[in-house]
Amino acid sequence: MEPKIQETAWNPEIEKQILKQWEDSKIYEFKPQGEVFVIDTPPPYPSGRPWHIGAAAHYAQIDMIARTARMTGKNVLFPIGIDRNGLPVEMYTEKKHNIRMHETDRAEFLKLCSTALDDLEAEMIQIMKSLGLSGNFSEYYRTDSEQYRSLTQATFIELWKKGLVYIANRPNNYDWVTGTTIADAEIIYEDIPTKLVYMKFKIKNSDMVLIIASTRPELLCACQAIIVNPEDERYSDIIDKSAIIPVINREVQIKTHPSAEKEFGSGAVMVCSYGDQNDVALFRELKLEEIVAIGKNGRMTEVAGPYAGLKVKQAREKIIEDLQNQNLVEKIENINHRTPISERSKIPIEIIPMEEYYLKQKESVEKIKDLGSKIIFHPSMHKQILMNWLESITIDWPISRRRFYGTEIPIWYCKKCSEPHVPEPGKYYKPWKDPSPISKCTKCGATEFVGEERTFDTWMDSSVSPLYVSKYNRDNEFFKKTYPTTLRPQSKDIVRTWLYYTILRCEQLTGKTPWSEAWIMGYGVDEHGAKMSKSKGNVVDPLPIIQKFGADTFRFWSASEINLGYDFRCSEQKIETTKKFLSKLWNISRFLSGFPIVKSAKTTPTDNWILSELDKMVAECKKGFDDYNFFVPSTSIREFTWNLFAAHYIEMVKGRAYSTGFSEEERNAAIFTLHKVLSTLLLLLAPITPFITDYLWQTIYSDKTIHNEKFPQQENHEDWTRFTKPITEFNSNVWNKKKEQNLSLKDTLEMDIPQELQQFAKDLQAMHNLKS
RNA sequence: GGGUUCAUAGUCCAGUUGGUUAUGACGUCGCCCUUACACGGCGAAGAUCCAGGGUUCGAAUCCCUGUGGACCCA
């Protein structure tokens with residue numbers, strides 16, 4: 001019989017035809033009936049080229065989850081989305097066009113951002129498709145679409161009406177050159193040479209002088225406390241006493257706090273509003289009253305007295321001069337200070353109190369701990385990241401940003417009394433340019449309004465993704481069937497942000513957890529274990545790799561390289577060697593495709609042995625699939641296929657399958673078993689390598705796709721695995737003997753079969769051409 | 001500074017509730033066209049299981065201390 005497969009190697013070009021077949025037959029379409037499985041897919045952010053290979057591997061794995069669920073008989077909703085809100089595209093656009101956001105017309109700037117995103121998005125979608133993702137591409141969503149943004153706004157309005165949003169004046173990172181609050185993510189740190197000034201503070205009612213070192217003497221006027229380490233014996237006498245601020249001549253109290261390092265400067269630290277983030281924390285903790293010494297224009301305010309109106313740097317020089325003139329400086333050291341710099345304007349940021357909107361979260365913490373404890377984490381250890389974060393929440397969530405490319409905060413203020421008004425939910429509002437939908441102020445009755453200009457923190461959008469995919473507020477029937485969703489897959493670095501904020505928001509809106517399971521992945525790092533970055537030049541572009549080796553190779557590499565929750569290494573060489581396994585599978589199939597399909601047979605001991613090993617492997621794989629850990633099935637399938645099935649079983653039954661010296665019944669048993677093993681392997685591999693398995697399945701076993709099949713179940717065979725070791729060792733012995741005697745493998749050899757392997761004797765003799 | 005996590009051949013990785021000789025792959029070296037596969041087969045070399053201490057009849061595995069790395073937060 002001619003083999004149905006002729007080619008000697010799998011050709012990844014065939015993937016394109018299979019992809020088209022899947023698309024045409026719509027085999028992955030979601031039906032909201034029966035048991036549903038809803039994935040809250042992370043919408044990737046198109047922040048630049050190339051797309052991170054770790055992200056591509058991540059999506060390959062999410063697809064394996066979707067396919068695993070389908071093969072257990074579930075209807076799977078696997079949405080595809082693109083995240084398009086936020087800072088990176090603004091920075092990308094500024095750089096690309098050499099413009100500044102706040103100096104550009106807002107509508108014009110938004111258009112430039114949108115175009116930039118379109119280009120990057122097109123490439124991402126193409127990669128996702130060619131990876132074979134079985135997601136819903138026909139209605140992929142964008143987080144900057146009218147529909148998505150109106151959901152973000154509607155959920156905000158809902159929370160506003162519940163009284164969960166408030167305005168507060170709190171310290172924020174501020175870039176006075178571009179005139180905007182900036183997020184922590186926009187801050188870079190640089191070592192900048194600066195003067196560390198040792199200043200003399202007099203202790204009240206005493207002759208003692210306390211030396212305090214600071215790089216920010218211009219903030220003396222905003223000093224509200226002095227702290228020393230509680231274990232610092234040098235200062236134990238002056239705790240709770242008052243010191244006189246030099247030049248300013250105001251009293252402040254001396255307190256103890258463990259954050260004062262004995263070794264830095266003199267060990268005593270002045271706490272000013274605000275020199276750095278530590279000051280912010282201390283002001284909050286010690287309940288100090290802030291003094292705003294620096295204005296939004298980057299100049300000293302009136303509280304600075306003679307220094308008012310000077311720029312920070314000028315004020316610093318002037319006050320050092322004055323201190324020296326009054327003999328209040330002990331010494332000045334030139335040091336390199338790790339200084340927070342605004343990434344865009346490259347100037348040191350200032351921390352200035354700003355009025356922003358906050359979403360209440362402190363009062364939800366206990367509720368979220370409770371919900372969080374019920375969510376199943378894969379792997380379970382990463383639940384700890386969430387729990388630790390919940391322990392450390394001390395302030396509410398600032399949600400307003402002075403940015404352009406984000407969802408607008410839907411608020412209009414009365415021109416007369418400034419009362420804020422939110423519109424009716426359901427529409428997408430742009431208060432910075434739309435006419436007010438509010439006609440009359442509810443407080444003073446005035447009829448003129450001014451729109452809010454700020455946008456939301458981008459996590460405000462991202463945190464409603466489960467509500468968006470399950471059509472909250474859009475299709476109640478659909479929502480009831482699909483929410484809470486089943487699974488959130490994401491990477492571990494954003495547990496504290498995306499995962500946490502999603503639980504918070506969904507709890508506030510629906511009272512329920514957004515998903516029952518969370519699947520947390522590590523990062524893709526380079527082949528030496530270092531983080532990939534453009535500046536290091538170690539970024540691996542996934543696109544040429546997928547084109548060169550095919551999606552299945554990439555996917556199998558991803559499955560067998562990534563142990564759930566741990567970081568994984570990306571190297572082209574490793575991906576290349578993975579391809580060999582697909583070759584092996586291909587050639588096994590090619591061999592088997594020459595034999596007829598046998599539905600049942602009376603199996604021999606050799607057959608029972610491999611079927612028993614197969615059964616063990618099926619059980620092993622099931623464990624991995626249940627935990628969405630594809631490392632487990634991919635490695636156990638590879639080992640079984642290569643080291644037992646191909647190396648030993650196929651060799652043992654080749655003679656029998658070709659029927660040389662065996663009965664028809666024995667022959668059928670071999671062919672039956674070969675097909676039984678191969679078809680099981682294809683089904684188990686289908687979620688991991690969907691292309692090659694579908695091709696082989698349709699060539700050998702069926703005229704239908706493999707992707708509507710169910711997983712094979714464990715059959716609880718009689719356990720023959722105790723023979724594995726003796727069989728493989730015996731084969732090895734024979735091969736070694738022939739090698740020692742310089743024999744070819746097909747030459748005859750005189751050798752006895754050991755007693756324990758007697759029941760396999762006929763196959764073994766045929767395999768090695770043994771004579772006893 | 002707080003937290004999470006990791007440490008096993010040149011490289012990557014497995015190792016269930018402690019139990020004979022520590023798994024597999026890549027790479028290296030040697031031999032081999034054998035009625036699926038040279039993108040293959042067979043064989044070989046290669047490990048103080050990070051260090052120190054403890055528990056135990058017995059530790060890669062459990063406990064403590066330390067060292068080094070990665071990441072998150074401050």
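So that the names make sense, note that chain A is the first sequence line, chain B the second, and so on, each numbered from 1.
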Item to complete: Check the distance between B/rG10's C1' and A/Q573's CD and give it to me in whole angstrom.
Response: 13 Å

Worksheet item: Does the side chain of A/R496 get closer than 4.0 angstrom to OP1 or OP2 of B/rC72 through an N or O atom?
Response: no

Fill in: Nearest heavy-atom neighbours spanning A/Y274 and A/P353
CE1-CG, 4.2 Å

Measure all distances between protein nitrogen or oxygen atoms and nitrogen or oxygen atoms of nucleotides 30-32 of chain B, and list the pairs falling under 3.5 Å.
from	atom 1	to	atom 2	distance (Å)
B/rG30	N2	A/K739	NZ	2.6
B/rC31	O2	A/K739	NZ	3.3

Pairs under 3.5 Å (N/O, protein and nucleotides 36-38 of chain B):
from	atom 1	to	atom 2	distance (Å)
B/rA36	OP1	A/K654	NZ	2.8
B/rA36	OP2	A/Y658	OH	2.4
B/rA36	O3'	A/R590	NH2	3.1
B/rA36	O2'	A/N587	OD1	3.3
B/rA36	O2'	A/R590	NE	3.2
B/rA36	O2'	A/R590	NH2	2.9
B/rA36	N7	A/K654	NZ	3.4
B/rA36	N6	A/E651	OE2	3.4
B/rA36	N3	A/N587	O	3.2
B/rA36	N3	A/I588	N	3.4
B/rC37	O4'	A/N587	OD1	3.2
B/rC37	O2'	A/N587	ND2	3.3
B/rC37	O2	A/K584	NZ	3.0
B/rC37	N3	A/K584	NZ	3.0

Response to the item:
Pairs under 3.5 Å (Watson-Crick or G-U), crossing ones as [ ], inter-strand ones as |: RNA chain B comes out as (((((((..(((......[....))).(((((.......))))).....(((((..]....)))))))))))).

What are the atom names and distances for every N/O pair under 3.5 Å that joins the protein to nucleotides 61-64 of chain B?
none

Item to complete: Keeping to residues at least two apart or across chains, list the salt bridge (Lys or Arg N to Asp or Glu O under 4.0 Å) pairs with something in residues 378-393 of chain A.
Response: A/K369-A/E391

Discussion item. Taking salt bridge (Lys or Arg N to Asp or Glu O under 4.0 Å) as the cut-off, I'd like each qualifying pair that reaches into residues 576-598 of chain A, sequence neighbours left out, listed once.
Written reply: none

Worksheet entry | Among B/rC71, B/rC26, B/rG41, the nucleotide that comes nearest once only the side chain of A/T577 is considered | B/rC26

Practice prompt. Would you jot down, in residue-number order, the residues of residues 630-638 of chain A having a non-hydrogen atom under 4.0 Å from RNA chain B?
Written response: A/F631

Worksheet item: Could you give the CZ-to-P distance, from A/F568 to B/rA70, as a whole number of Å?
Response: 18 Å

Practice prompt. Decide whether A/Q224 and A/S273 meet the rule of one side-chain donor and one side-chain acceptor closer than 3.5 Å.
Written response: no

Discussion item. Please determine whether a side-chain nitrogen or oxygen atom of A/Y523 lies at a distance below 4.0 Å from atom OP1 or OP2 of B/rA70.
Written reply: no

Discussion item. Going by side chain to side chain contact (heavy atoms under 4.5 Å, CB included), name the residues that satisfy it together with A/S659, two or more places apart in sequence or in a different chain.
Written reply: A/R667

Discussion item. I need the full list of salt bridge (Lys or Arg N to Asp or Glu O under 4.0 Å) pairs touching residues 490-504 of chain A, with sequence neighbours left out, sorted by first then second residue.
Written reply: A/K492-A/D567

Practice prompt. Begin with the C-alpha distance, continue with both residues' side-chain angles, and end with the deciding distance and a verdict on salt bridge (charged side-chain N to carboxylate O under 4.0 Å, His left out) for A/K623 and A/D627.
Written response: CA-CA 6 Å; A/K623 267 195 253 167; A/D627 201 23; over 6 Å; no

Worksheet item: Given that A/Q384 and A/K580 both sit by RNA chain B, which one's nearest nucleotide is further toward the 5' end?
Response: A/Q384

Practice prompt. Select one nucleotide: of B/rC12, B/rC42, B/rG40, the one nearest the side-chain heavy atoms of A/E561.
Written response: B/rC12

Worksheet entry | Whether A/S583 side chain and A/A9 backbone form a donor-acceptor pair below 3.5 Å | no

Worksheet entry | Given B/rG43, B/rU34, B/rC6, the nucleotide with the shortest approach to the side chain of A/S732 | B/rG43

Fill in: Between C1' of B/rA70 and CE of A/M381, the distance in whole Å
12 Å

Fill in: side chain to side chain contact (heavy atoms under 4.5 Å, CB included) involving A/D719 - partner list, sequence neighbours excluded
A/S612, A/T721

Item to complete: Give a yes or no answer on whether the side chain of A/D279 reaches the backbone of A/G275 with a donor-acceptor pair at less than 3.5 Å.
Response: yes

Discussion item. Please list all pairs meeting salt bridge (Lys or Arg N to Asp or Glu O under 4.0 Å) that have one or both residues in residues 730-751 of chain A, counting only residues at least two apart or in different chains.
Written reply: none

Worksheet item: Under 3.5 Å, side chain of A/N173 to main-chain N/O of A/E350, donor-acceptor pair present?
Response: no

I'd like a table of atom pairs between the protein and nucleotides 16-23 of chain B - only N or O on both sides, under 3.5 Å - with the distance next to each one.
none

Worksheet item: When the ring planes of A/Y628 and A/H378 are compared, do they come out parallel, tilted or perpendicular, using 30° and 60° as the limits?
Response: perpendicular

